[in-house]
Amino acid sequence: MKLLMVGAGLSGAVLARELAVAGHQITVIDQRGHIAGNCHTERDAETGVLVHVYGPHIFHTDDAQVWNYVQRFSSFKPYLNRVKTTAQGAVFSLPINLHTINQFYGRTMTPDEARAFIDAQADKTITDPQTFEEQALRFVGPDLYEAFFKGYTMKQWGCSPRELPASILKRLPVRFNYDDNYFAHKFQGMPEDGYTPLVARILDHPAIDVHLNTAFTPDLAARHDHVFWSGALDGYFGNRLGRLGYRTLDFKRSVGHGDVQGCAVMNYGDTDVPWTRITEHKHFSPWEVHEGTVCYHEYARACDEGDIPYYPIRLVQEKALLSDYITLAKATGGVTFVGRLGTYRYLDMDVTIREALDTVETFSAALAAGQTPPVFAVNPL
């Protein structure tokens, strides 16, 4: 078959590669001038630092098959994400761990003492937390909530934590030891020469034809047997039902010398600081040595038309609109919606790859059975 991949990020690249291997002819288009989507990396011309152009991407997974898959296309270096946060005039370690707790309270508690201490801070009158704030107060109490969660969350999401679901906070761990590795996955690392070369190697197949700076048009779809759409779900339909809500990021880039902040990621939890975090990109490749340095101040805001969507909001209003778009999509033939934007879900890179691999199997099985390929290989709701 002649297949069209709309988007040259991880979803489109993995789908293109595996379906090309299966014998199909693949066309990949992307409206941007580069491959790899938001995990695009490039060398800064002034300093030589490898920059994560759209913000930091750290590869972490427990999926051995996905880990083995990406290592076919790049040499991965060990990398642990050790995040710091500046709050209330001090620097602390994240996620909250025993060092954070002892430092914040000026104590020298053991793990059992700290666990009992935090349990005593928790608001036990909240038995079934529904909001982010209720979950935090039930989880760690008011002090740690105010210092590490409230301000950062308000800046990141543009609303009160009382308006956000508790599920957002359930992903954030509290540790009663001195482990400051932000992720707990078995496999963690960085592609040695960046994500864009990794994606380029995935796309390097004689049956794959890549076209950049190319927008999707109906005539392109008409020249192919099936379309895989990794762009915004509402964008496929011209936003006819309204726009799904996203948060976007603005970056203020600065170049300096030496080591500006001593770590890759520094969060800022205080509300009087307008940015959410500062990333210093040389620290994402600690095996390299550079005299210069590149930093990004990150500012989160509502995503407007023409902005790059980063984080789906997925509150009640957005989920209702999403449901309407799913109904519309299922009445549409010849297209499968994939990836973060195509399914309106926040996805880590490993999950994106896993779902792309599974979508290939689902698509191939449907063809073998003489059935219509599914519009969604994964339920967006």
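Bear in mind that the values here come from a model prediction, so they are computed numbers and not experimental data. Basis for what follows: all heavy atoms, side chains included, without hydrogens, waters or symmetry-related copies.
- Between Y325 and Y344, the ring center distance fails the sub-6.0 Å criterion.
- Taking OH from Y69 and CZ from R354, the interatomic distance works out to 11.0 Å, rounded to the nearest 0.5 Å.
- Residue V199 comes nearest to A13 through the heavy atom pair CG1-CB, 3.8 Å, listed as atom of the first residue, atom of the second, then distance.
- For Y310, the side chain to side chain contact (heavy atoms under 4.5 Å, CB included) criterion is met by N38, Y54, T248, L249, F251, I308, not counting sequence neighbours.
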Distance-only check: which donor-acceptor pairs under 3.5 Å involve side-chain atoms of residues 93-102, not counting sequence neighbours?
| residue | atom | partner | partner atom | Å |
| --- | --- | --- | --- | --- |
| S93 | OG | N97 | ND2 | 3.1 |
| N97 | OD1 | H99 | N | 2.9 |
| N97 | OD1 | T100 | N | 3.3 |
| N97 | ND2 | P95 | O | 3.0 |
| T100 | OG1 | S93 | O | 2.6 |
| T100 | OG1 | N97 | N | 3.2 |
| N102 | OD1 | M109 | N | 2.7 |
| N102 | ND2 | L98 | O | 3.4 |
| N102 | ND2 | M109 | O | 3.2 |
| N102 | ND2 | Y178 | OH | 3.2 |

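- Within a 6.0 Å radius of NZ in K84, other residues, nucleotides and ligands contribute more than 12 heavy atoms.
- Tested against F284 for a side-chain contact (heavy atoms from CB on, under 4.5 Å), the candidates V265, V51, V49 yield a single pass: V265.
- Both the sub-6.0 Å distance and the 45° axial angle are not jointly satisfied by R162 relative to the ring of F132.
- Judged as a side chain to side chain contact (heavy atoms under 4.5 Å, CB included), and not counting sequence neighbours, the contacts of V360 are L15, E18, L19, S364.
- Every residue meeting the side chain to side chain contact (heavy atoms under 4.5 Å, CB included) condition with L212, not counting sequence neighbours, appears here in chain and number order: D30, I35, V210.
- The two residues V6 and S230 come nearest to each other via the heavy atoms O-OG, 2.6 Å.
- At least one side-chain heavy atom of D250 sits under 4.5 Å from a side-chain heavy atom of R301.
- Note that the CG atom of L315 and the CG atom of L164 stand 6.0 Å from one another [nearest 0.5 Å].
- Side-chain heavy atoms closer than 4.5 Å link hydrophobic residues (I, L, V, M, F, W, Y) into clusters, and following such links, possibly through other members, connects V227 to I326.
- A distance of 6.0 Å or more separates the ring centres of F228 and F337.
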Exercise for the section: Test H40 against V53 for side-chain contact (heavy atoms from CB on, under 4.5 Å), laying out the working first. Expected result: CA-CA 6 Å; H40 170 57; V53 176; 3.7 Å; yes

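- There is no path of hydrophobic side-chain contacts, each under 4.5 Å, that joins I278 to F148.
- Closest heavy-atom contact between T271 and G151: CG2-CA, 3.5 Å.
- Using a 4.0 Å cut-off between charged nitrogen and carboxylate oxygen, E318 and R314 do not count as a salt-bridge pair.
- Using a 4.5 Å heavy-atom cutoff, the side chains of F104 and F92 are in contact.
- Note on L347: it does not cluster hydrophobically with V66, by side-chain heavy-atom contacts below 4.5 Å among ILVMFWY residues.
- Hydrophobic cluster membership of V378, counting Ile, Leu, Val, Met, Phe, Trp and Tyr whose side-chain heavy atoms lie under 4.5 Å apart directly or via other members: none, as it forms a cluster of its own.
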Exercise for the section: Start with the C-alpha gap between H224 and T27, add the side-chain angles, then the distance that decides, and say whether side-chain hydrogen bond (donor to acceptor under 3.5 Å, both in side chains) holds. Expected result: CA-CA 9 Å; H224 293 83; T27 300; 3.1 Å; yes

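- Residue E280 comes nearest to G258 through the heavy atom pair OE2-O, 4.0 Å, listed as atom of the first residue, atom of the second, then distance.
- Once rounded to the nearest 0.5 Å, the distance linking CG of L50 with OG of S285 reads 4.5 Å.
- Residues W275 and V273 are in side-chain contact: their nearest non-hydrogen atoms beyond the backbone lie under 4.5 Å apart.
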Exercise for the section: Would you please test K124 and D119 for salt bridge (Lys or Arg N to Asp or Glu O under 4.0 Å) and show each step? Expected result: CA-CA 9 Å; K124 296 185 178 62; D119 184 64; 3.4 Å; yes

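- Placement of F73 and I58 within a single hydrophobic cluster is found when ILVMFWY residues are connected by side-chain heavy-atom separations under 4.5 Å, directly or transitively.
- Between L220 and F216, the shortest heavy-atom distance links the atoms CD1-CA, 4.4 Å.
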Handout entry: Full working for side-chain contact (heavy atoms from CB on, under 4.5 Å) between Q88 and D270
Key = CA-CA 7 Å; Q88 300 181 1; D270 299 332; 4.2 Å; yes

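- Ring centers of F363 and H226: under 6.0 Å apart, within the cut-off.
- R201 and D193 are joined by a salt bridge, as a carboxylate oxygen and a charged side-chain nitrogen come within less than 4.0 angstrom of each other.
- If you check the side chains of D259 and Q261, you find no donor sitting under 3.5 Å from an acceptor.
- Counting only N and O atoms by type, the side chains of T110 and D112 include no donor and acceptor under 3.5 Å apart.
- Applying the salt bridge (charged side-chain N to carboxylate O under 4.0 Å, His left out) test to residues at least two apart or on different chains, the pairs with a partner in residues 213-224 are D219-R223.
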Handout entry: side-chain contact (heavy atoms from CB on, under 4.5 Å) evaluation trace for L203 with V28
Key = CA-CA 9 Å; L203 289 168; V28 179; 4.2 Å; yes

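- Here R253 pairs with D44 in a salt bridge; the nearest charged N to carboxylate O distance falls below 4.0 Å.
- Within the 4.5 Å cutoff, side-chain heavy atoms of L322 are placed close to those of L244.
- With respect to D180 and R82, a salt bridge is recorded, a charged nitrogen being found less than 4.0 Å from a carboxylate O.
- Residue Y145 is grouped with residue V174 when hydrophobic side chains (ILVMFWY) are merged at heavy-atom distances under 4.5 angstrom, including chains of intermediate members.
- Counting heavy atoms from C-beta on, the side chains of P373 and T362 never come closer than 4.5 Å.
- Counting only heavy atoms from C-beta outward, the side chains of H34 and T196 never approach each other to under 4.5 Å.
- Taken to the nearest 0.5 Å, the CD atom of Q156 stands 7.5 Å off from the CZ atom of R277.
- K319 is not listed as a side-chain neighbour of V316, based on a closest heavy-atom distance of 4.5 Å or more.
- Note that the CD atom of E288 and the NZ atom of K77 stand 9.5 Å from one another [nearest 0.5 Å].
- Comment: K282 does not engage E291 in a salt bridge, judged by the lack of any side-chain N to carboxylate O separation of less than 4.0 angstrom.
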Practice task
Go through the steps to decide whether V294 and S254 satisfy the test side-chain contact (heavy atoms from CB on, under 4.5 Å), and finish with yes or no.
Solution key: CA-CA 6 Å; V294 178; S254 61; over 6 Å; no

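- Q188 contributes atom CD, which lies 11.0 Å from atom CZ of F59 (distance to the nearest 0.5 angstrom).
- Without hydrogens or angle criteria, T41 side chain to Y195 main chain gives a donor-acceptor distance under 3.5 Å.
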Exercise for the section: Given side-chain hydrogen bond (donor to acceptor under 3.5 Å, both in side chains), test T85 with N267 step by step and report yes or no. Expected result: CA-CA 4 Å; T85 185; N267 287 359; 5.0 Å; no

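- At a threshold of 4.5 Å between non-hydrogen side-chain atoms, the residues H290 and H257 do not count as touching.
- At a threshold of 4.0 Å, the pair K186-D62 does not count as salt-bridged, since none of the basic side-chain nitrogens sits closer than that to a carboxylate oxygen.
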